[in-house]
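A quick write-up on the structure given underneath.
Treat the numbers as computed from the prediction; the structure is a model and nothing was measured.
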Amino acid sequence: MTHYAADCWVAEIDCSYGWMECVDISERSGYDLRALMKLVIDPDEEQLGLAFKENEKKMVVESLLAMGEEEALGLKGALESKGEAGFLV
């Protein structure tokens, strides 16, 4: 049972491959919904490394991680609509 589940039930079947889990029912008390509602900024450091030197990459990553949700959503919207966006580092 995961650390955030209040209760968990698993159904298994015995088949030619042995016992296999076929259903997992977990009471997660809204954990999944709360987790999905959060905006997660996860910079792709490998791709950034292709465009920036190490010190520059570090500054870009730190700036992205320090963004507030409103600024990050604006950046995301600009990227989706224009294919590019700028922000201060």
Side-chain angles (χ1 to χ4, degrees):
M1 186 163 69
T2 57
H3 69 280
Y4 52 82
D7 197 8
C8 186
W9 292 85
V10 175
E12 295 181 332
I13 57 172
D14 186 12
C15 64
S16 60
Y17 295 107
W19 285 96
M20 296 180 68
E21 182 179 313
C22 62
V23 177
D24 179 359
I25 304 167
S26 299
E27 166 56 56
R28 298 181 181 180
S29 306
Y31 175 87
D32 291 334
L33 293 175
R34 286 191 306 273
L36 288 173
M37 290 174 14
K38 294 180 183 174
L39 176 66
V40 177
I41 299 173
D42 185 20
D44 186 339
E45 293 191 39
E46 185 176 323
Q47 289 297 313
L48 290 171
L50 299 174
F52 300 101
K53 295 178 183 173
E54 191 61 34
N55 287 341
E56 294 169 337
K57 180 183 84 170
K58 182 180 176 190
M59 290 189 305
V60 169
V61 169
E62 288 173 355
S63 296
L64 288 169
L65 294 174
M67 273 186 187
E69 187 171 355
E70 189 174 316
E71 185 181 5
L73 287 172
L75 182 64
K76 180 179 184 274
L79 287 169
E80 289 173 347
S81 65
K82 300 175 188 171
E84 62 181 41
F87 64 97
L88 294 176
V89 176

Those residues that, when tested against [X], pass side chain to side chain contact (heavy atoms under 4.5 Å, CB included) (two or more places apart):
| X | answer |
| --- | --- |
| Glu56 | Phe52, Lys53 |
| Asn55 | none |
| Met67 | Ile41, Leu64, Glu71, Ala72, Leu75, Phe87 |
| Ala78 | Ala85 |

Side chains of Leu48 and Pro43 in contact at under 4.5 Å (non-hydrogen atoms): yes
Under the salt bridge (Lys or Arg N to Asp or Glu O under 4.0 Å) test, residues paired with Glu21 that sit two or more places apart: none
Pairs involving residues 77-89, ordered by first then second residue, that meet salt bridge (charged side-chain N to carboxylate O under 4.0 Å, His left out) (sequence neighbours left out): Lys76-Glu80
Below 3.5 Å, can you tabulate the donor-acceptor pairs from side chains in residues 8-16 to any protein atom, sequence neighbours excluded?
{"from": "Trp9", "atom 1": "NE1", "to": "Asp7", "atom 2": "OD2", "distance (Å)": "3.2"}

Reported CD-to-CD distance for the pair Glu45 and Glu54, which is rounded to 0.5 angstrom: 8.0 Å
